[in-house]
*Asks:* 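Structure below; questions to follow.
Computed from a prediction, not measured in an experiment: that's the story for all the values here.
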Amino acid sequence: MTSPSSASFGGPDGAAAPPQALRLEANEKLVLSPDSPRFASGYRQVRPQSIDEVRKLLGPVNVPDGRSRAENLLATRVPELTKRLLRPEDLKVKDPNARAEARRLAYLAAREYVHTANTASLKQWRPIIDQWLLEVKPVISIFTAGDIDIADGATLTLSANTHALMAQRIRMHGNGRIVCRGSVKISAVSVDGS
């Protein structure tokens with residue numbers, strides 16, 4: 001049975017307790033979700049106000065200094081973003097088809113901005129993306145854990161509404177694994193496993 005090694009409540013002096021450690025026993029299946037009463041206290045929810053805030057939370061950890069040739073080819077990765085530039089007001093046009101297309105392009109630009117190592121080719125999209133974020137009001141759910149130990153045959157599933165997992169050490173034994181139901185940034189001091 002999964003056992004949290006420490007509660008996620010504040011201590012007697014009001015100080016935050018250390019993040020809980022998770023241990024999955026052999027062949028155990030566990031879903032980590034902000035909707036779970038058991039794990040809700042380990043989550044923090046962020047309502048970003050800008051794409052730079054989203055990138056800071058979910059973007060690349062180690063961004064190289066130089067740009068690779070592939071990084072400069074936005075036209076190759078997402079050609080739609082180079083064919084036309086939107087204005088923030090395009091997200092509010094009356095025509096529902098035009099508005100839906102503008103929002104779709106803003107989403108593509110936001111996804112690219114967050115995940116690409118170099119954002120120079122997307123600089124002109126920032127005002128549109130920021131306006132889109134203000135309209136859709138996304139919530140980023142981040143789970144913070146101590147050590148995570150996944151025994152042989154156990155599966156830790158990260159729900160689609162878990163956007164980031166931050167842990168000290170993650171150890172997967174034998175066929176132990178982590179399954180992500182959505183796009184998740186996993187940050188840990190160390191990850192060990194076969």
Side-chain angles (χ1 to χ4, degrees), residues 31-36 39-40 42-145 148 155-167 170 177-188 191:
V31 177
L32 198 59
S33 170
D35 301 328
S36 165
F39 298 111
Y43 277 89
R44 83 180 152 102
Q45 294 189 322
V46 178
R47 295 180 186 334
Q49 301 299 305
S50 73
I51 193 62
D52 288 321
E53 188 178 349
V54 176
R55 182 176 167 80
K56 186 174 181 182
L57 293 168
L58 303 178
V61 177
N62 296 318
V63 179
D65 292 334
R67 288 187 247 174
S68 70
R69 182 173 167 85
E71 280 295 327
N72 290 329
L73 299 178
L74 180 62
T76 302
R77 292 189 318 272
V78 191
E80 297 162 286
L81 298 180
T82 61
K83 291 180 181 172
R84 80 173 213 205
L85 179 61
L86 300 178
R87 301 165 308 179
E89 52 271 18
D90 291 335
L91 297 167
K92 296 180 181 185
V93 296
K94 290 185 181 185
D95 177 11
N97 292 330
R99 188 173 57 247
E101 177 63 7
R103 290 178 179 181
R104 186 183 74 79
L105 290 172
Y107 167 78
L108 290 174
R111 188 181 66 191
E112 189 72 12
Y113 192 93
V114 169
H115 295 295
T116 191
N118 187 301
T119 60
S121 61
L122 292 158
K123 184 170 40 172
Q124 70 276 15
W125 279 92
R126 281 179 56 201
I128 295 99
I129 298 168
D130 286 343
Q131 179 62 43
W132 174 77
L133 283 171
L134 291 174
E135 290 180 18
V136 297
K137 298 178 175 67
V139 176
I140 297 174
S141 297
I142 302 166
F143 187 79
T144 302
I148 298 175
T155 302
L156 175 62
T157 300
L158 305 179
S159 66
N161 58 347
T162 296
H163 304 104
L165 170 65
M166 298 180 179
I170 299 174
R177 65 190 182 134
I178 297 176
V179 173
C180 300
R181 295 288 180 217
S183 179
V184 181
K185 177 180 181 177
I186 299 176
S187 298
V191 178

*Asks:* Taking the side chain as every heavy atom from C-beta outward, state whether Tyr43 and Thr162 have any atom pair closer than 4.5 Å.
*Replies:* yes
*Asks:* Using side-chain contact (heavy atoms from CB on, under 4.5 Å) as the criterion, list what pairs up with Glu53, not counting sequence neighbours.
*Replies:* Val46, Pro48, Gln49, Ser50
*Asks:* Tell me every residue that passes ring-ring contact (aromatic ring centres under 6.0 Å, His included) with Tyr113, counting only those two or more places apart in sequence or in another chain.
*Replies:*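 Applying ring-ring contact (aromatic ring centres under 6.0 Å, His included) to Tyr113 gives none.
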*Asks:* What residue among Ile142, Ile148, Thr144 forms side chain to side chain contact (heavy atoms under 4.5 Å, CB included) with Leu165?
*Replies:* Ile148
*Asks:* How close do Gln45 and Ser141 get, counting heavy atoms only, and between which atoms?
*Replies:* NE2-OG, 3.2 Å
*Asks:* So, taking the atom named CG in Leu122 and the one named OG1 in Thr82, what distance separates them when rounded to the nearest 0.5 Å?
*Replies:* 10.5 Å
*Asks:* Indicate the atoms forming the closest heavy-atom contact of Leu158 with Val184, along with that distance.
*Replies:* CD1-CG1, 3.8 Å
*Asks:* Can you list everything that forms a side-chain contact (heavy atoms from CB on, under 4.5 Å) with Leu108? Sequence neighbours excluded, please.
*Replies:*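 Val78, Glu80, Leu81, Arg104, Leu105, Arg111.
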*Asks:* Taking salt bridge (Lys or Arg N to Asp or Glu O under 4.0 Å) as the test, write out the residues that go with Arg126, two or more places apart.
*Replies:*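 Salt bridge (Lys or Arg N to Asp or Glu O under 4.0 Å) check on Arg126 returns Asp52.
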*Asks:* Applying side-chain contact (heavy atoms from CB on, under 4.5 Å), can you list everything that pairs with Asn161, at least two apart in sequence or on another chain?
*Replies:* Ser33, Pro34, Asp35, Ser159
*Asks:* Heavy atoms only: give me the nearest His163-Val139 pair and the separation to one decimal.
*Replies:*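 Closest approach of His163 to Val139, heavy atoms only: CE1-O, 3.3 Å.
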*Asks:* What residues form a salt bridge (Lys or Arg N to Asp or Glu O under 4.0 Å) with Arg87, not counting sequence neighbours?
*Replies:*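 Arg87: salt bridge (Lys or Arg N to Asp or Glu O under 4.0 Å) contacts with Glu89, Asp90.
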*Asks:* Can you tell if the side chain of Ser121 reaches within under 4.5 Å of the side chain of Thr116, non-hydrogen atoms only?
*Replies:* no
*Asks:* What distance separates Ile128 CD1 from Ile51 CD1, expressed to the nearest 0.5 Å?
*Replies:*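 One finds 12.0 Å between CD1 of Ile128 and CD1 of Ile51.
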*Asks:* Under the rule for side-chain contact (heavy atoms from CB on, under 4.5 Å), what residues qualify as partners of Asn97, not counting sequence neighbours?
*Replies:* Asp95
*Asks:* Testing the basics here: between Lys185 and Gly59, what is the closest heavy-atom pair and its distance to 0.1 Å?
*Replies:*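 Closest heavy-atom pair between Lys185 and Gly59: NZ-O, 2.9 Å.
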*Asks:* Please give me the minimum heavy-atom distance between Ala117 and Arg55, naming the atom from each residue.
*Replies:* O-NH2, 3.2 Å
*Asks:* For the residue pair Trp132 and Ala110, what are the closest heavy atoms and their distance?
*Replies:* CZ3-CB, 3.8 Å
*Asks:* Taking atom CD of Glu135 and atom CZ of Arg99, what is their separation to the nearest 0.5 Å?
*Replies:*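 Those atoms lie 9.5 Å apart.
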*Asks:* Would Ile186 and Ile170 count as a side chain to side chain contact (heavy atoms under 4.5 Å, CB included) if you check the C-alpha gap in whole Å, the side-chain angles of each, and the deciding distance to 0.1 Å?
*Replies:* CA-CA 10 Å; Ile186 299 176; Ile170 299 174; 3.8 Å; yes
*Asks:* Going from NZ on Lys123 to CG on Asn118, what distance comes out if it is rounded to the nearest 0.5 angstrom?
*Replies:* 10.5 Å
*Asks:* Partners of Thr155 by side-chain hydrogen bond (donor to acceptor under 3.5 Å, both in side chains), sequence neighbours excluded?
*Replies:*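 Here the qualifying residues are Arg177.
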*Asks:* Do the non-hydrogen side-chain atoms of Val54 and Ile129 ever get within less than 4.5 Å of each other?
*Replies:*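 No. Closest side-chain heavy atoms not under 4.5 Å.
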